[in-house]
Q: 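Sharing a structure with you now.
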2 protein chains.
Amino acid sequence: MADKKGPAARAPGKKPRPANAGRERQATRQARARAETDGRVPQTQKAYEAIKLRILNNVLPPGSQALEQELAAALGMSRTPVREAMMRLASEGLVAVRPRHGMRVLPISVADMAEIYEILTELEATAARAIAARGPTPAEIKGLEDAVAEMDKALCGDDLAAWAAADERFHKLLAAYAGNKRLQAIVDTFFDQTHRARMLTLKLRPRPTRSNDDHRALVAAIRSRDPGAAHRIHHEHRVRNGRMLVELLGRLGLNQL
Amino acid sequence: MADKKGPAARAPGKKPRPANAGRERQATRQARARAETDGRVPQTQKAYEAIKLRILNNVLPPGSQALEQELAAALGMSRTPVREAMMRLASEGLVAVRPRHGMRVLPISVADMAEIYEILTELEATAARAIAARGPTPAEIKGLEDAVAEMDKALCGDDLAAWAAADERFHKLLAAYAGNKRLQAIVDTFFDQTHRARMLTLKLRPRPTRSNDDHRALVAAIRSRDPGAAHRIHHEHRVRNGRMLVELLGRLGLNQL
DNA sequence: TGTCGGAATTACGTATACATTATTGCACGC
DNA sequence: GCGTGCAATAATGTATACGTAATTCCGACA
């Protein structure tokens, strides 16, 4: 790589800054204090969150396209942060960016759902096993139990949206408690990716009574520190649910959503 | 064009472009032809590849820092594409970007290795099971066998670097053949993340004879379409190797590399 | 002597400008 | 009539400009 720039283009390895590493003086103090109170949020993140929210809530439905400039104008910022947000969303699989066509919100196909469920099945079951193996804290038990209780309550009241929210909370807690940040990140990302599909099928699928039971059983297994049972219960839960969903979508002829 | 959108900033949902969706005329022909021959690579990708290569090969060792401007100067481009590349590398876990300190190449700790191996163990074993379940094609069998043969050859010749390359090829093929793009992407990303550590421990660990045997056995299980065996063999292989590595690093006191 | 406060500088986040390249509309030939 | 080539236009990729926030440097003070 003959990058010209004449004299001694210094190798990026040799840090040219005056040797002051590891030296953060107290000027940071006020800065830190400010950062805590100051709710300042970078434009890039605002763009990311705004666009993601619109996608998850179907304001930007799958298949819809948008140009950088349109989004920038709509969000009242320049193209730069929008562009960065789009790249991030693309890496998360929510949108695709085709060079001159703007971003396109990606529809989820049945095949996509199958891929995602295959991964979630394994990773969540692994998480369940890990929690049971190390022994859960009381707070964790409570977190999971509360989520299940909320699922029960929602189901009694026939509030499917609330049930879905609680179910999502349960799954995300499970991933969080496993203590594997990377696993958690993957699970969270894929959950977002399937959000739309879950919301849609919510009213088309049979009442998810079984899910509540499964989760209750899982909590019991975790509480009694039985890694094998925890893994098995949740793995089966996920496989069963995945199959049901794929079969349901296939039956309804919905393979783009 | 007074695009300051004073009145009625149009909602991003209503695509304002003239209704010409699904209309790509033959003008694309020459463009496509050009794109194939033209080796034109966007700066952003050049930056990404260049920086990633330097990280994987320890030219930018873990812990080293670099500013956007430095990298831009070194690569002969502006800050913009460098910045985009950095964001991508950060999302892949290779670097961290602290607001005023530039990017820092992330060291891999023993805990990180444990996290990554936990995930790879599950996902690769799942891949193995999936391939066995659907029945491998002859080409796939050949691909895997060739990789194993190369591992054997390298081990005979005591060429550890070649062994590592072949081993990596085997694992990546496994992930690729599973037919789950997302799974493949995750495995590839984490492989890159542990590249440095594997290269380092290569000479410190016992000769990896066992790995070759494990992989041979896995190919046999896949060939005979035994999903259970395929999963078990590879899962055990990964668990064993992961434990060995973590124990080795712990014993040597290397927990940042 | 060591710590503090403030000015200068720096690095970044964002906006804007510019060049390139792809797509569209249209005139033209078969 | 339909497909083709060319000019116009638009959208992107990249570079540059600019304001802000943070860090460093430096002099004063306890």
Side-chain angles (χ1 to χ4, degrees), chain A residues 5 15-48 65-73 75-88 90 95-104, chain B residues 1-4 15-48 65-73 75-88 90 96-104:
Chain A
K5 63 185 181 338
K15 302 182 280 300
R17 268 171 303 172
N20 44 11
R23 192 167 162 216
E24 276 179 28
R25 284 239 288 258
Q26 77 295 341
T28 338
R29 195 169 30 106
Q30 61 178 354
R32 204 178 311 267
R34 168 106 50 91
E36 284 168 38
T37 58
D38 193 349
R40 188 177 147 50
V41 172
Q43 298 282 72
T44 294
Q45 185 165 340
K46 268 203 285 190
Y48 169 78
Q65 301 193 171
L67 299 172
E68 290 182 2
Q69 328 195 36
E70 290 174 12
L71 291 170
L75 298 174
M77 58 183 74
S78 82
R79 277 174 51 216
T80 310
V82 171
R83 184 179 168 76
E84 291 176 352
M86 272 171 41
M87 293 180 61
R88 187 161 160 209
V95 310
V97 180
R98 269 195 318 168
R100 301 277 159 183
H101 298 265
M103 72 161 225
R104 190 170 57 94
Chain B
M1 190 210 305
D3 63 350
K4 39 174 54 80
K15 299 181 282 302
R17 270 171 302 172
N20 44 11
R23 192 168 162 215
E24 280 180 26
R25 284 239 288 257
Q26 74 296 342
T28 338
R29 193 171 31 105
Q30 59 178 355
R32 202 178 312 266
R34 169 106 50 92
E36 285 170 36
T37 58
D38 194 348
R40 189 176 144 49
V41 172
Q43 299 283 69
T44 293
Q45 185 164 340
K46 269 203 285 190
Y48 169 77
Q65 302 194 174
L67 300 172
E68 289 182 2
Q69 330 195 33
E70 290 173 12
L71 291 169
L75 298 173
M77 59 183 72
S78 81
R79 277 174 48 215
T80 309
V82 170
R83 183 179 167 78
E84 290 176 353
M86 273 172 40
M87 294 181 60
R88 187 161 159 208
V97 181
R98 268 197 316 169
R100 302 278 159 182
H101 298 266
M103 70 162 223
R104 191 170 57 93

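Numbered from 1 within each chain, the chains take letters A, B, ... in sequence-line order.
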Q: Does any residue of residues 80-88 of chain B have a heavy atom under 4.0 Å from DNA chain C, and if so, which ones, in number order?
A: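 B:R83, in order of number.
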Q: Side chain of B:Q69 only, heavy atoms from C-beta on: which candidate in C:dA11, C:dT14, D:dT23 is closest?
A: C:dA11
Q: Is a donor-acceptor contact shorter than 3.5 angstrom present between the side chain of A:R100 and the base of C:dA22?
A: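 Answer no: no donor N or O sits under 3.5 Å from an acceptor.
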Q: Please state whether the base of D:dG13 and the side chain of A:R79 form at least one donor-acceptor pair under 3.5 Å?
A: yes
Q: With sequence neighbours left out, what residues match A:Q45 under side chain to side chain contact (heavy atoms under 4.5 Å, CB included)?
A: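 A:V41, A:P42, A:E49.
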Q: Taking OP1 and OP2 of C:dT14, is either one under 4.0 Å from a side-chain nitrogen or oxygen of A:T44?
A: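 Yes, A:T44 has a side-chain N/O under 4.0 Å of OP1/OP2 on C:dT14.
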Q: Might you point out which heavy atoms bring B:E70 and B:Q65 nearest each other, and give the distance in Å?
A: OE1-O, 4.4 Å
Q: OP1 or OP2 of C:dG13 sitting under 4.0 Å from any side-chain N/O of A:Q45?
A: no
Q: How many Å lie between CD on B:E68 and P on D:dT14, as a whole number?
A: 15 Å
Q: It should be established whether A:H101 places a side-chain nitrogen or oxygen under 4.0 Å from OP1 or OP2 of nucleotide C:dT23.
A: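 So the side chain of A:H101 is within the cut-off, an N or O lying under 4.0 Å from OP1 or OP2 of C:dT23.
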Q: Shortest non-hydrogen contact from B:A85 to B:T44?
A: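 Taking every non-hydrogen atom into account, CB-O, 4.0 Å.
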Q: Can you name the closest pair of heavy atoms from A:V82 and A:A72 and give their distance?
A: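 Closest approach of A:V82 to A:A72: CG2-CA, 3.6 Å.
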Q: Expressed in angstrom and rounded to an integer, what is the separation of B:Q65 atom CD from D:dT23 atom P?
A: 12 Å
Q: For A:A90, give me all partners under side chain to side chain contact (heavy atoms under 4.5 Å, CB included), at least two apart in sequence or on another chain.
A: A:V95, A:V97
Q: Could you list the residues that satisfy salt bridge (charged side-chain N to carboxylate O under 4.0 Å, His left out) with A:R83, not counting sequence neighbours?
A: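 By the salt bridge (charged side-chain N to carboxylate O under 4.0 Å, His left out) rule, A:R83 matches A:E68, B:E84.
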Q: Report the nucleotide, chosen from C:dA11, C:dA15, D:dT12, that has the shortest atom-to-atom distance to any side-chain atom of A:M77.
A: C:dA15
